[in-house]
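Here is the structure we will look at.
FYI, side chains are in, hydrogens and waters are out, and symmetry mates aren't considered; it's all heavy atoms of this structure. Within every chain, numbering begins at 1; the chains are lettered A, B, ... in the order of the sequence lines, protein sequences first and strands thereafter. Source: prediction; values computed, not measured.
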Amino acid sequence: MSQNHLYLVDGSGYIFRAYHQLPPLTNPQGQPVGAVYGYTAMLWKLAAELGAAEGPTHMAVILDKGSHTFRNDMYDQYKAHRPPPPEDLVPQFPMIRDATRAFSLPCIEEAGFEADDIIATYTRAAIAAGWHVTIVSSDKDLMQLIQPGVDMYDTMKNERRGPDYVMGKFGVAPEQLGDVLALMGDSVDNVPGVPGIGPKTAAKLITEYGDLEKVLAAAPDMKPSKMRDNLIEHSEMARLSRRLVELKSDMALPEPLDALTLKGIPEAPLRAFLEHQGFKALLNRLSGGAAKVAPTSLTQDAAAAPAPPMASPVAAPVAPIDRSAYETVVTADALDRWIAAAHGEGIVAIDTETDSLDSTSARLVGISLATGPNAACYIPVGHGGTDMFAEKPEQLPLDTVIEKLRPLLADDSVLKVGQNLKYDMTVLARHGITIAPFDDTIVMSFDLDAGKSLAGHGMDEAARVHLDHICIAFKDVVGSGKNQISFAEVPLDKATAYAAEDADVTLRLWTIFKPRLHQEGATRVYELVDRPLVPVIATMERTGIKVDRDHLSRLSGEFADGIAALETEIHALAGQPFAIGSTQQLGAILFDKLGLKGGKKGKSGAYSTDVTILEKLKAEGSEISGKVLDWRQLSKLKSTYTDALQAQINPVTGRVHTSYSLTGAQTGRLSSTDPNLQNIPIRTETGRQIRHAFIAEPGNVILAADYSQIELRLAAHMADVPALREAFAAGEDIHNRTAQELFGTVNRDTRGRAKTINFAILYGISRWGLAARLEIGADEAQDMISRYYERFPGISVYINETIEKARAQGYTETLFGRKTWFPRITAPLQHERQGAERAAINAPIQGTSADIIKRAMVRMGPALEAAGLDRVKMLLQVHDELVFELPEGDVEAASAVIRTVMEGAAEPMVKLSVPLGVEIGTGPSWGAAH
DNA sequence: AGACTCACG
DNA sequence: GACGTACGTGAGTCTT
């Protein structure tokens, strides 16, 4: 038979906490019900766990009855100073019993005992019967009961707590907690304790001496101090305190254990209660069917599944999406109700709607929230007003909404869920809002499914794949092309359907992804690498980098002149004018008209005119080819960089704000768009001038910190190549070392070839590819590869093992556990398969490098702050490089911190057998910092 | 929309 | 015998 699992709900404890954490709400009868709402939402959440693995089979709500207990007989001052409960809480106490009855749950209270004692008694009885117990409470006294088979569950923080939690919070094991509590006392309950001893000292003493009696016995021999005197003087108070905090676990059971069996939750009484109280969001969900919970019996499958540490998603079928259940929030009362619902659930999905895709300039138009399936709303704040004749729809003032939401979004006890929260964080940061703690479903999806045959991790696709649901398309709401309107002009009913659906879908995706993260081993990379990076990236985007418009404009002019001159020369050489940018026309001129050799290529049958062909023709003496190459370079630089970049300068900040994607590159790298600041020229002197346009504010400098050869170092570690490892450890030039090993001699030529081969290895080499790069025969290239494998044993083993692993399990992994899937690794077509194999060889190396720099970025802010360097700003990431702007005077101190953080970024999760090297440069511009 | 080319790591 | 030649990106231009 399945393991019985008893949930004991500390109802009295909960109601006080809910009362203080939730905004005041009133029911249709005008009675205050904020705490009742929180309590109801909590029971709802517990009910949703029925049937889940580790979910309850038995449940009871335990309440205090009366105020006089046996502890008062023991000590008349016990709880003597406790103020009477607030006026508007008192009438809510009986309603708690109504709520409990509405869920058809037993409600247990016993005169003369506190709820804690009843809980302790049932816990002991259940353990004796071989059951598991979960105590739903956050009361520290109850933590004494934690033991194997007994945990605590804080529904507001959505946290399960075991012995580790007690150890972390109090520094002792649960069985020693009573002694610690006795020493430290409790001012709220008026447990005296020993004066001058707080939690830290109490834990230290108990750890050192074992228990309270031993501490008291040892006191006279302690070195003279106030503490020693206090321990001696107040030893009797300490002993009394010990008895007061002791939980009484040997009462007679008011109800037998079997009476607590859960049989399911009949809908009718629950519906009547919810209607009476006006709890609309919960009613919506009841209609949806989420609460029609099956009778509880743990299935074998459920019992076998590993229990996630957080609340399990609803095991019963979730209600299909019903847009008619969404609410448009236009009154303060309604907003309060949603905020209370979020507090009650401990989780809320959020999405912002704006009038632009550019998060750094977008204006907030509305916010949607979801607290459960179909329990979603839209709060318009900026609709209308774009047309002076149009009437603005009724909506809450922006400031009101911001002020009400700010505490919720920063509240530790409510998890915020969003799809691409980086965007919302950036938009809301301008209103002084911080979002924490949070989960981001786009990042979760990426960490689970990178590389799987999905087009991406966007919400529309995720909803289709995981929820079998088609979301309202954005363009169906705002139109497209010249008829497109701003979201601010969308009528509220349409806006609500669209926006609330986004929040609803986001929360549903979360319930799917969250347990998958644990089951599929993606929690580490998600929680330690990618999720903490989200706010870091949001801040970098918001900071931007200053760009010298005049410098770019001057370059544009110079490039234009160069382009014009080359155009004239090229047309003269061709004997006719033509569009040089058209590969078709260029091919016709070069190969048909001028008769140069170089065949057709590609399925289109067009001539190839790329850089390798033109270089070759140039080497053979074709003047026009050289000119076309120069023309192309200048055109590229002008159109893609000098012109486009000027247009990207934000008029308000005078800086360029790129957007980073955390989910764009399959390997885990970031990518940069609008504009892409990860491909600013550097390789040619002409292109490099563009980097000089990226400058620091007066009095500041740009600092660039690069990992040196990080991918080769990782290859040396991961493939375990002794010769390479030694070379890196000794600080040798790695390409020289390779040249020495392969060719027996080091000169410019052999070093260049060695460098090519080193990179080729990282990318999954083929003899033809290497042959083309080195302009040698395939046989000669094959010899070289064989020699490489011979000199660097480990490489070929790594390659074979990586491909094997990818084929067997479908994915590769980085040192930090990031997965990249390779569905095509079993493709029937050889070239497809080989392509996947090469990518699979590269992914663990490129991905580990990405993990490392991401961890450096996450740690950088706190490390700089700890060093008092809060004026140092991280601006850009370019795969193996971080770019900062900082006051000139901070250069020395900041360099040291940056180097330490970057070089140590892998630890302690991963211990590398090669050192990570970082090169740092500074200057007035990015160009000068290299 | 897709091919081509080319900028970066 | 044909395939198509190194991994990962994003943007601009031309063509369909």
Side-chain angles (χ1 to χ4, degrees), chain A residues 450-451 579-587 601-614 628-629 631-645 647-648 658-661 663-684 686-688 690-691 706-712 715 756-774 778 781 785 799 802 812 820 822 827-847 849-850 853 876-881:
Chain A
I580 305 170
S582 161
T583 50
Q584 229 174 47
Q585 292 182 36
L586 177 64
K601 222 170 99 178
K603 16 188 181 281
S604 51
Y607 290 115
S608 170
T609 63
D610 70 12
V611 66
T612 55
I613 299 281
L614 294 184
V628 170
L629 282 170
W631 182 93
R632 275 195 182 158
Q633 188 194 14
L634 288 182
S635 308
K636 175 83 174 178
L637 294 176
K638 181 169 186 294
S639 66
T640 309
Y641 299 102
T642 56
D643 289 353
L645 221 39
Q648 293 276 0
T658 184
S659 171
Y660 288 101
S661 166
T663 59
Q666 311 289 337
T667 52
R669 271 191 179 179
L670 301 181
S671 72
S672 157
T673 57
D674 307 309
N676 181 354
L677 294 185
Q678 291 182 322
N679 70 346
I680 302 300
I682 192 169
R683 290 172 186 169
T684 68
T686 319
R688 221 183 159 111
I690 293 164
R691 289 210 173 206
D706 287 60
Y707 279 112
S708 153
Q709 310 285 8
I710 187 168
E711 292 196 7
L712 274 173
T756 300
I757 298 170
N758 275 332
F759 281 109
I761 291 295
L762 298 178
Y763 300 146
I765 199 167
S766 80
R767 74 183 106 160
W768 299 280
L770 186 62
R773 292 270 158 154
L774 292 178
I785 295 167
I799 290 175
T802 304
T812 62
T820 304
F822 293 94
L829 289 176
Q830 182 186 246
H831 62 103
E832 260 190 24
R833 198 169 58 244
Q834 286 176 341
E837 286 173 0
R838 289 192 296 269
I841 292 166
N842 181 248
I845 298 168
Q846 191 181 110
S849 160
I853 196 165
L876 302 176
Q877 189 252 43
V878 193
H879 310 309
D880 63 358
E881 171 186 12

Original post:
Any side-chain heavy atom of A:L586 sitting closer than 4.5 Å to one from A:W631?
Top reply: no
Subject >> Distance, P atom - from B:dA1 to C:dA6, rounded to whole angstrom >> reply: 29 Å
**OP:** Please check if the side chain of A:R838 supplies one atom and the backbone of A:Y763 the other of a donor-acceptor pair under 3.5 Å.
**Re:** no
**OP:** Check whether any side-chain nitrogen or oxygen of A:Q709 sits under 4.0 Å from OP1 or OP2 of B:dG9, and answer yes or no.
**Re:** no
**OP:** Begin from the C-alpha positions of A:Q846 and A:T667 and carry the test side-chain hydrogen bond (donor to acceptor under 3.5 Å, both in side chains) through to its verdict.
**Re:** CA-CA 6 Å; A:Q846 191 181 110; A:T667 52; 2.7 Å; yes
Subject >> Nearest-Å distance for atom pair CG/P, residues A:L645 and C:dG12 >> reply: 10 Å
Subject >> Any A:T673 side-chain N or O less than 4.0 Å from OP1/OP2 of C:dG10 >> reply: no
Original post:
Tell me, which of residues 828-844 of chain A have any heavy atom that sits under 4.0 Å from an atom in DNA chain C?
Top reply: A:Q830, A:R838, A:A839, A:N842
**OP:** Take atom C1' in C:dA2 and the same atom in B:dT5, then report the distance between them in whole Å.
**Re:** 26 Å
Original post:
Counting only N and O atoms by type, is there a donor-acceptor contact under 3.5 Å from the side chain of A:R669 to the main-chain atoms of A:G847?
Top reply: no
Original post:
Phosphate oxygens OP1/OP2 of B:dT5: is one of them under 4.0 Å from a side-chain N or O of A:T609?
Top reply: yes
**OP:** Ignoring backbone atoms, test whether A:S582 places a side-chain nitrogen or oxygen under 4.0 Å from the OP1 or OP2 oxygen of C:dT15.
**Re:** yes
Original post:
Between A:R683 and B:dC8, does any side-chain N or O lie under 4.0 Å from OP1 or OP2?
Top reply: yes
Subject >> Nucleotide B:dT5, atom C1' - distance to CH2 of A:W631 in whole Å >> reply: 11 Å
**OP:** When you get a sec, tell me which of C:dT15, B:dT5, B:dA7 is the closest nucleotide to the side chain of A:P681?
**Re:** B:dA7
Original post:
Going by number, which of residues 764-773 of chain A have a non-hydrogen atom under 4.0 Å from DNA chain B?
Top reply: none
**OP:** Say whether A:T812 and A:T820, considering side chains only, have a donor N or O and an acceptor N or O under 3.5 Å apart.
**Re:** no
Original post:
How close or far is atom P of C:dT15 from atom CG of A:L586, stated in whole angstroms?
Top reply: 11 Å
Original post:
When we call it a touch if two heavy atoms are under 4.0 Å apart, what does A:S849 touch: a base, just sugar-phosphate, or nothing?
Top reply: nothing
Original post:
Within the pair A:R632 and B:dC6, is there a side-chain N or O less than 4.0 Å away from OP1 or OP2?
Top reply: yes
Original post:
Under 3.5 Å, side chain of A:T673 to main-chain N/O of A:N676, donor-acceptor pair present?
Top reply: no
**OP:** Using a heavy-atom cut-off of under 4.0 Å over every strand shown, decide if A:N679 touches base, sugar-phosphate, or nothing.
**Re:** base
Original post:
In whole angstrom, what separates A:F759's CZ from C:dG8's P?
Top reply: 16 Å
**OP:** Measure from the side-chain N and O atoms of A:D880 to the backbone N and O of A:D706, and report whether any donor-acceptor pair falls under 3.5 Å.
**Re:** no
Original post:
What is the distance from CD1 of A:I580 to C1' of B:dC4, rounded to the nearest Å?
Top reply: 17 Å
Original post:
Got a donor-acceptor contact below 3.5 angstrom from the A:T802 side chain to the A:I841 backbone?
Top reply: no
Subject >> Residue pair A:R632 / A:T609, side-chain donor-acceptor N/O under 3.5 Å >> reply: yes
Original post:
Would you say A:T640's side chain and A:K636's backbone share a donor-acceptor pair under 3.5 angstrom?
Top reply: yes
Original post:
What is the distance from OH of A:Y607 to C1' of C:dC14, rounded to the nearest Å?
Top reply: 19 Å
**OP:** Would you please say whether a donor-acceptor pair under 3.5 Å links the side chains of A:T684 and A:Q633?
**Re:** yes
Original post:
What integer distance in Å separates A:I845:CD1 from B:dG9:C1'?
Top reply: 14 Å
Original post:
Does A:R669 make a side-chain N or O approach to OP1 or OP2 of C:dC7 shorter than 4.0 Å?
Top reply: no
Original post:
At under 4.0 Å between heavy atoms, what does A:I680 touch on the DNA or RNA strands: base, sugar-phosphate, or nothing?
Top reply: sugar-phosphate
Original post:
Tell me, do A:L670 and A:S661 make a side-chain contact under 4.5 Å, heavy atoms counted?
Top reply: no
Subject >> Donor-acceptor contact present, side-chain A:R691 to main-chain A:P681, <3.5 Å >> reply: yes
Subject >> Nucleotide nearest A:V611 when distance is taken to its side chain, options B:dC6, C:dT13, C:dG8 >> reply: B:dC6
**OP:** Mind checking A:A644 for me? I need base, sugar-phosphate or nothing, with any heavy atom below 4.0 Å counting as a touch.
**Re:** sugar-phosphate
**OP:** For A:E881 and C:dT9, give me the distance from atom CD to atom P, rounded to whole Å.
**Re:** 20 Å
**OP:** Compare the minimum distances between each of C:dT13, B:dG9, B:dC4 and the side chain of A:T583, then state the nucleotide with the smallest one.
**Re:** B:dC4
Original post:
DNA chain C in dot-bracket, Watson-Crick or G-U pairs under 3.5 Å, [ ] crossing, | other strand?
Top reply: ......|||||||||.
Subject >> Sugar-phosphate, base or nothing in reach of A:T756, heavy atoms under 4.0 Å >> reply: base
**OP:** Report which part of the nucleic acid A:G687 touches: base, sugar-phosphate, or nothing (heavy-atom distance under 4.0 Å, all strands).
**Re:** nothing
Subject >> Pairwise C1' distance for B:dA7 and C:dC3, with rounding to whole Å >> reply: 29 Å
Subject >> Among A:I761, A:L770, A:I757, side-chain contact (heavy atoms from CB on, under 4.5 Å) partner for A:I785 >> reply: A:L770
Original post:
Can you tell which of C:dA6, B:dC8, C:dA11 lies closest to the side chain of A:R691?
Top reply: B:dC8
**OP:** Assign A:Q584 to base, sugar-phosphate, or nothing according to its heavy-atom contacts below 4.0 angstrom with the strands shown.
**Re:** sugar-phosphate
